[in-house]
Amino acid sequence: MSAAPSLAVPPTFDLERVLASIDTMAAQRPVAAQIVSVANADEASAKELSRILASDVALAGRVMKLANSAFYGMRGRVTSLQFAVTVVGFATVRTMATVALTDLDDESRLPEDFWEVSTSLALAASTLAPRFAERPQDALCLGLLAQLGVALLHHNDPDGYAELWHDERSFAGRRAAEVQRYGISALRLTSVALEQWSFPPGMVLPLKQVDDAASFQGALLRAVFEIAGRLTDRDHEEIPIERVSCGQLRERDVLPVLDQVRVDAEELRRAMLG
């Protein structure tokens with residue numbers, strides 16, 4: 001009989017093996033892998049991207065659903081895949097392909113409330129992006145993929161990571177527990193994975209600097225983690241938003257964002273998961 005999983009017994013964690021598993025996932029979803037590659041090319045066009053996307057019916061359907069969501073204000077007006085690609089943008093199509101590649105769209109392989117947290121991060125980041133001189137579309141992608149490392153750790157150690165996720169509800173506490181157990185935090189693992197897939201430095205840098213309270217590059221992500229905590233964790237201990245945002249936000253700025261995320265989160269979740 002096998003022993004019950006215990007946080008006292010760290011699993012063998014091989015970073016190279018975990019990163020290699022990304023390539024294995026890519027081989028299993030060739031169309032999504034091709035989209036991840038093509039969407040980053042300088043010569044990429046909406047016509048070419050939509051042509052490739054049409055080969056994956058499930059993913060194409062999600063892009064159409066997202067383009068027609070309330071988030072883009074185009075409900076019912078996007079009737080072609082090429083137009084849908086133009087509406088959501090290449091970065092978002094690439095992000096959705098990455099979600100499919102890494103099994104983020106399979107909730108059975110993720111910690112409980114993973115997508116509730118991810119949609120909160122994404123929508124809060126998109127809403128607040130102009131305050132930090134960022135593009136809303138890019139911030140949406142950052143929020144959607146920020147927890148990619150969580151999924152990779154959970155795939156590698158499902159029972160142990162599920163226990164860690166349940167016991168450590170605060171984001172900072174969870175990162176500390178991840179480092180203690182695996183030698184790397186999920187956010188850091190996300191940054192390594194996105195670098196491996198040649199995501200732009202502007203998307204990787206905030207992940208690396210989120211724990212540096214003085215870093216402006218990490219301020220947007222710190223702020224949206226604070227907002228996601230207030231939305232998803234009933235025991236969340238609030239941190240002044242001015243402190244985590246390098247003074248870019250005041251508490252009066254937060255309430256409208258909380259309301260907006262509550263309204264749009266479920267629709268974004270449905271678009272991402274099909």
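For reference, positions follow the sequence shown, starting with 1.
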- Item | Pairwise side-chain contact, Leu104 with Phe114, heavy-atom cut-off 4.5 Å (strictly under) | yes

- Message: Do Cys141 and Met203 make a side-chain contact, defined as non-hydrogen atoms from C-beta onward lying under 4.5 Å apart?
- Response: yes

- Message: Closer than 4.0 angstrom, basic N to acidic O: yes or no for Asp105 and Arg62?
- Response: yes

- Message: Could you check whether any side-chain heavy atom of Val63 comes within less than 4.5 Å of a side-chain heavy atom of Val88, counting everything from C-beta outward?
- Response: yes

- Item | All pairs passing salt bridge (charged side-chain N to carboxylate O under 4.0 Å, His left out) where residues 80-99 contributes a residue, at least two apart | none

- Query: Tell me, do Val78 and Tyr72 make a side-chain contact under 4.5 Å, heavy atoms counted?
  - Reply: no

- Evaluate the side-chain contact (heavy atoms from CB on, under 4.5 Å) criterion for residues Leu140 and Phe71: first the C-alpha distance (whole Å), next the side-chain angles of each, then the deciding distance (0.1 Å), finally the verdict. CA-CA 11 Å; Leu140 181 82; Phe71 182 75; 3.8 Å; yes

- Does a side-chain N-to-carboxylate-O contact under 4.0 Å join Arg174 and Glu178? no

- Task: Quick one: pull up NZ in Lys208 and OG1 in Thr190 and give me the separation to the nearest 0.5 Å.
- Result: 12.5 Å

- Pair Arg243 + Glu238, salt bridge at N-O below 4.0 Å: no

- Query: Closest approach of Met96 and Leu59, non-hydrogen atoms and distance?
  - Reply: O-CD1, 3.7 Å

- Identify the heavy atoms of Ala97 and Val36 that sit nearest to each other, and give their distance. CB-CG2, 3.8 Å

- Item | Gap between atom CG of Leu207 and atom CD of Gln217 - 0.5 Å precision | 12.5 Å

- Minimum side-chain heavy-atom gap Ile241-Asp253 below 4.5 Å: no

- Query: Quick one: do Phe199 and Leu15 end up in the same hydrophobic cluster if we chain Ile, Leu, Val, Met, Phe, Trp and Tyr together by side-chain heavy atoms under 4.5 Å apart?
  - Reply: yes

- Message: Within this structure, what is the CZ-CD distance for the pair Arg269 and Glu266, rounded to the nearest 0.5 Å?
- Response: 5.0 Å

- Note on the structure: Output for pair (Phe171 CZ, Ile239 CD1), nearest 0.5 Å, gives 10.5 Å

- Task: Take the angle between the ring planes of Phe216 and Phe132 and call it parallel below 30°, perpendicular above 60°, tilted in between.
- Result: tilted

- Item | Over all atoms of both residues, closest heavy-atom pair of His166 and Arg169 | O-CD, 3.7 Å

- Heavy-atom closest pair (Leu121 atom, Gly143 atom, distance to 0.1 Å) is CB-O, 3.9 Å

- Starting at CG of Leu123, measure out to OG1 of Thr127 and round the result to the nearest 0.5 Å. 6.0 Å

- Message: If hydrophobic clusters are built by linking Ile, Leu, Val, Met, Phe, Trp and Tyr wherever their side-chain heavy atoms come under 4.5 Å apart, do Leu142 and Leu205 end up in the same one?
- Response: no

- Residue pair Ser37 / Trp197, side-chain heavy-atom distance below 4.5 Å: no

- Does some side-chain heavy atom of Trp115 sit less than 4.5 Å from a side-chain heavy atom of Leu144? yes

- Item | Side chains of Ser118 and Gln147, donor plus acceptor under 3.5 Å | yes

- Polar side-chain atom of Ser245 near backbone of Ala223 as donor-acceptor pair, under 3.5 Å: no

- Message: Is it the case that over 12 heavy atoms from other parts of the model lie below 6.0 angstrom from the CD atom of Glu112?
- Response: no

- Message: I'd like to know if Arg222 pairs up with Asp212 as an ion pair, taking the criterion as any Lys NZ or Arg NE/NH1/NH2 lying under 4.0 Å from an Asp or Glu carboxylate oxygen.
- Response: no

- Verify same cluster id: Leu221, Leu258 (apolar side-chain graph, 4.5 Å): yes

- Query: What do the steps show when you test Arg175 against Asp211 for salt bridge (Lys or Arg N to Asp or Glu O under 4.0 Å), and what is the final call?
  - Reply: CA-CA 10 Å; Arg175 287 198 290 275; Asp211 284 322; 2.8 Å; yes

- Query: Does Asp233 use its side chain to pair, donor to acceptor, with the backbone of Gly229 at less than 3.5 Å?
  - Reply: no

- Message: Tell me whether Glu237 at atom CD has more than 12 heavy atoms from other residues, nucleotides or ligands lying less than 6.0 Å away.
- Response: no

- Task: State plainly whether one hydrophobic cluster holds both Val18 and Ile184, where clusters connect Ile, Leu, Val, Met, Phe, Trp and Tyr through side-chain heavy atoms under 4.5 angstrom apart.
- Result: yes

- Step by step, work out the side-chain contact (heavy atoms from CB on, under 4.5 Å) result for Val150 and Trp165. CA-CA 9 Å; Val150 166; Trp165 178 273; 3.6 Å; yes

- Task: Identify the two heavy atoms, one from Asp264 and one from Ala70, that lie closest to each other, and give their separation to 0.1 Å.
- Result: OD1-CB, 4.4 Å

- Task: Just do the side-chain contact (heavy atoms from CB on, under 4.5 Å) check on Leu145 and Val99 with the steps written out, would you?
- Result: CA-CA 8 Å; Leu145 290 180; Val99 166; 4.0 Å; yes

- In terms of side-chain geometry, is the basic nitrogen of Glu163 or Arg181 positioned less than 4.0 Å from the acidic oxygen of its partner? no

- Query: If only atom types and distance count, is the side chain of His236 paired as donor or acceptor with the main-chain N or O of Leu231 below 3.5 Å?
  - Reply: no

- Query: Do Asp157 and Tyr182 meet the criterion of a side-chain donor-acceptor pair at a distance under 3.5 Å?
  - Reply: yes

- Item | Heavy-atom side-chain contact between Leu268 and Leu66 under 4.5 Å | yes

- Task: Identify the two heavy atoms, one from Leu220 and one from Ala139, that lie closest to each other, and give their separation to 0.1 Å.
- Result: CD2-CB, 4.1 Å

- Is Glu48 salt-bridged to Arg51, cutoff N-O under 4.0 Å? yes

- Note on the structure: Value for CG (Asp14) from OG (Ser21), rounded to nearest 0.5 Å, stands at 10.0 Å

- Message: Is it true that Ser191 and Arg188 share a donor-acceptor pair across their side chains at a distance under 3.5 Å?
- Response: yes

